[in-house]
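One structure is given below, encoded as structure tokens.
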Amino acid sequence: MPNLSNLRSLRRVYKHSLSSFQVRAQNTKIGSLGRAGNLKAARKVFDEMPERDVVSWNAILTAHWQNRDLEGSKRIFDSIPERDILSWNSIITGCIENGEPEQAFEYFASMPERNIASWNAMLCGFLRYGCFDKAEWLFREMPEKNVISYTAMVDGYMRHKEIRKARELFDKMPKRNAVSWAVMVSGYVENDMFDDAKKLFDLMPQKNLLACTAMITGYCKEGMVAYARETFDLIQDKDAVSWNAMLAGYAQNGHCEEALKLHIQMVRAGVRPDHATLISSLTACSSLALLQQGRITHALAIKTMLNSYTPLCNALITMYSKCGSMRDSELVFCGIRCRGLVSYNTIIGAYAQHGNYQNVIASFEEMQQNRIDPDETTFLALLSACCYVGQVKDSLKWFDLMVSKYNLTPQSEHYGCIVDILSRSGELEKASSYIKKISNKAENAAWGSLLGACKTHSNVELGELAANNLLKLDSQSSGAYVMLSNIYASAGMWGAVNKVRRLMREKGVKKLPGYSWLEIGNKVRWFTVGDASHPEMVHIVRELHRVTLHMKLSKEVDVGLELD
DNA sequence: CGAGAGCCAT
């Protein structure tokens with residue numbers, strides 16, 4: 001026979017657990033709304049709660065800084081009735097995420113007690129903002145360390161190019177997990193130490209998804225796409241990031257059809273393409289100048305609402321520009337809400353490629369009005385614009401501005417551009433004097449521009465110098481031989497021409513014909529020099545004559561085109 | 001429960 005008072009207490013317990021269950025459900029809701037970027041909705045749930053626990057307060061606190069409202073978080077923090085360690089940890093992480101590491105440390109220092117997560121959060125904060133001494137100090141002071149503390153520190157060293165220190169600490173770690181190994185492998189890859197990455201990768205007891213992905217990137221950086229594919233095929237459960245790594249590898253190494261195929265295979269495998277997938281596909285479309293495919297990718301971006309993502313817009317601008325549709329590039333550029341440095345660099349580069357110098361300058365000025373400081377890439381785009389339109393004077397002016405006003409250091413690419421500009425305008429001596437400032441990596445292209453210009457401006461002496469230097473770097477460079485023999489030919493030095501031809505035969509150097517292609521309607525047409533296989537060749541030649549005559553009659557342009 | 005990681009734009 002149940003007694004009444006027992007029943008009452010049972011009911012009380014039941015009622016209590018029901019309400020705590022409801023509170024917990026609301027807390028979860030605040031958390032997920034906050035993460036989804038809907039601070040307003042999260043706030044509404046919080047405000048309408050009849051009772052709250054400390055978890056509710058922590059959830060709304062986190063929701064605020066996750067949506068870029070750190071000040072809101074601070075106010076909430078101050079009004080929490082009973083703070084726990086997680087409230088402190090959350091406000092610390094919030095400060096770090098929103099660019100206030102000093103503020104984070106103030107909270108950290110005044111905490112009544114800390115757990116390992118507090119120490120780790122602060123450690124990551126210092127590492128992210130490059131406060132290296134403070135991070136090392138904190139790492140020493142930590143009462144206990146776990147695999148996360150060690151891994152974070154190793155990663156921090158790698159990101160700051162302290163590779164030796166990273167390895168030392170990695171070797172000292174009491175325990176390693178999948179992330180620790182991945183951090184080391186990707187650290188080596190990031191720092192162009194492929195051999196070390198490979199060695200470590202081979203040492204791994206179990207090759208995990210993360211490390212394999214890092215290794216794919218490593219192989220692709222070295223141009224070893226086939227090995228990257230082998231590693232890719234090893235992965236059992238491929239996720240979006242690993243697909244993206246392989247796809248990007250193909251696109252960056254010129255295997256663009258393969259990249260686009262992989263995009264389709266990824267979808268078939270049931271993995272959803274994300275922004276990184278679309279960006280790499282767009283890169284592939286740009287290289288192949290596939291406008292239709294590029295438009296399809298643009299449509300996919302709109303469908304998945306990724307078209308408001310600035311990096312994707314920048315990729316779209318490049319794609320449209322390289323596919324010849326500058327109008328679409330402009331449309332995408334105008335649609336970007338927050339135009340940053342990269343967006344301006346991209347549109348300037350696009351105008352440069354199209355030889356629209358006026359818009360290059362206009363975009364540069366607009367950029368300055370928006371208080372965005374140009375960087376090395378901006379000036380490379382400006383210089384390449386000068387190159388396309390033959391602005392010798394302006395190019396030197398930009399070069400000077402870059403150094404004197406913005407304190408930027410010109411790189412090989414900048415000097416290479418100057419060499420190209422001076423070469424094209426016939427200032428061959430000046431051009432060759434700039435080549436000394438160029439690193440081996442870019443030297444090839446610079447000698448190439450000089451050599452080309454020596455042909456146009458009939459300079460045998462410098463042409464020989466350029467060709468010799470080019471052949472020193474690449475003895476199989478067919479272009480160097482052909483160009484040199486052309487220089488001799490136009491100077492009437494037939495003996496020398498024959499000598500070069502003989503040398504070519506002896507060394508087994510073959511000139512592969514260059515070819516190009518363009519997309520008309522839905523078809524890709526490709527063509528090469530001397531190709532007369534087209535069924536409508538007669539009409540094509542007639543039309544070319546008509547166009548050439550038209551250009552010649554127009555006094556403004558001297559195209560230098562000769563048709564027989 | 002929390003804190004570390006791999007892919008992507010000029």
Side-chain angles (χ1 to χ4, degrees), chain A residues 27-28 31 55 58-59 62 84-90 92-93 96 114-125 127-128 145-156 158-159 176-187 189-190 208-218 220 232 235 238-249 251-252 266 273-283 286 306 309-319 321-322 332 336 340-350 352-353 374-382 384 413:
Chain A
N27 292 347
T28 315
V55 182
N58 292 347
T62 307
D84 66 0
I85 275 198
L86 270 73
S87 328
W88 288 90
N89 288 353
S90 175
I92 289 170
T93 313
I96 291 163
R114 307 175 187 94
N115 62 12
I116 190 153
S118 334
W119 286 90
N120 284 344
M122 199 59 236
L123 178 69
C124 295
L127 287 171
R128 189 182 308 177
K145 303 176 182 73
N146 59 11
V147 65
I148 291 177
S149 336
Y150 277 99
T151 308
M153 197 67 206
V154 169
D155 186 48
M158 274 301 193
R159 284 182 201 271
R176 299 178 194 99
N177 62 14
V179 181
S180 330
W181 286 93
V183 159
M184 277 303 291
V185 172
S186 75
V189 167
E190 187 68 27
N208 62 63
L209 172 68
L210 270 67
C212 284
T213 308
M215 208 53 215
I216 291 171
T217 308
C220 291
F232 178 71
I235 305 174
K238 300 178 185 68
D239 67 352
V241 181
S242 50
W243 281 95
N244 292 343
M246 194 62 241
L247 209 153
Q252 286 158 1
M266 178 179 177
D274 61 8
H275 59 111
T277 321
L278 296 191
I279 285 172
S280 294
S281 282
L282 286 171
T283 307
S286 307
L306 287 165
Y309 181 59
T310 307
L312 194 125
C313 294
N314 298 336
L316 280 171
I317 294 171
T318 308
M319 183 276 293
S321 143
K322 294 219 169 143
V332 174
I336 302 178
L341 174 65
V342 181
S343 297
Y344 276 102
N345 287 350
T346 309
I347 196 77
I348 292 173
Q353 208 203 350
D375 70 349
E376 289 86 352
T377 312
T378 319
F379 282 99
L380 197 59
L382 291 168
S384 77
E413 288 86 348

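Order of the sequence lines sets the chain letters (A, B, ...), proteins ahead of strands, with each chain counted from 1.
Between Q252(A) and the phosphate of dC8(B), there is a side-chain N or O to OP1/OP2 separation shorter than 4.0 Å. Close to dC8(B), at under 4.0 Å from its OP1 or OP2, lies no side-chain N or O of T283(A). Contact check, R114(A) against dA3(B): no side-chain N or O comes under 4.0 Å of OP1 or OP2.
The nearest whole Å value for the distance from the CH2 atom in W243(A) to the P atom in dC8(B) is 17 Å. Taking atom CG of residue N115(A) and atom C1' of nucleotide dC1(B), one finds them 10 Å apart after rounding to whole Å. Going from atom CG of L123(A) over to atom P of dG2(B) covers 19 Å, rounded to whole Å. Counting to the nearest Å, the P atom of dA9(B) and the CG atom of L312(A) are 11 Å from each other. Atom CG of D375(A) and atom P of dA9(B) are 15 Å apart (whole Å). Residue M122(A) contributes atom CE, which lies 13 Å from atom P of dG4(B) at whole-angstrom precision. Rounding to whole angstrom units, CG of residue L382(A) and C1' of dT10(B) are separated by 12 Å. Put simply, CG on L278(A) is 13 Å from P on dA9(B), counting in whole angstrom units.
Residues L127(A) and C124(A) form no side-chain contact, since every pair of their non-hydrogen atoms from C-beta on lies 4.5 Å or further apart.
With hydrogens and angles ignored, no donor-acceptor pair under 3.5 angstrom links the side chain of N120(A) to the base of dG2(B). Put simply, the side chain of N244(A) and the base of dG6(B) share no donor and acceptor less than 3.5 Å apart.
Checking dC8(B), dA3(B), dA9(B) against the side-chain heavy atoms of T93(A) singles out dA3(B) as nearest. Set against dC1(B), dG4(B), dG6(B), the side chain of V147(A) has dG4(B) as its closest nucleotide. For I279(A), the side-chain atoms get nearest to dC8(B) when compared with the rest of dC7(B), dA3(B), dC8(B). The side chain of A245(A) lies closest to dC7(B), out of dG4(B), dC7(B), dG6(B).
Shown here are the side chain to side chain contact (heavy atoms under 4.5 Å, CB included) partners of A59(A), two or more places apart in sequence or in another chain: I30(A). In terms of the salt bridge (charged side-chain N to carboxylate O under 4.0 Å, His left out) criterion, D274(A) has no residue partners (sequence neighbours excluded).
Within the 3.5 Å criterion, the main-chain N or O of S87(A) finds no donor-acceptor partner in the side chain of S90(A).
Residue K322(A) qualifies as open at atom NZ: its count of foreign heavy atoms under 6.0 Å is 12 or below.
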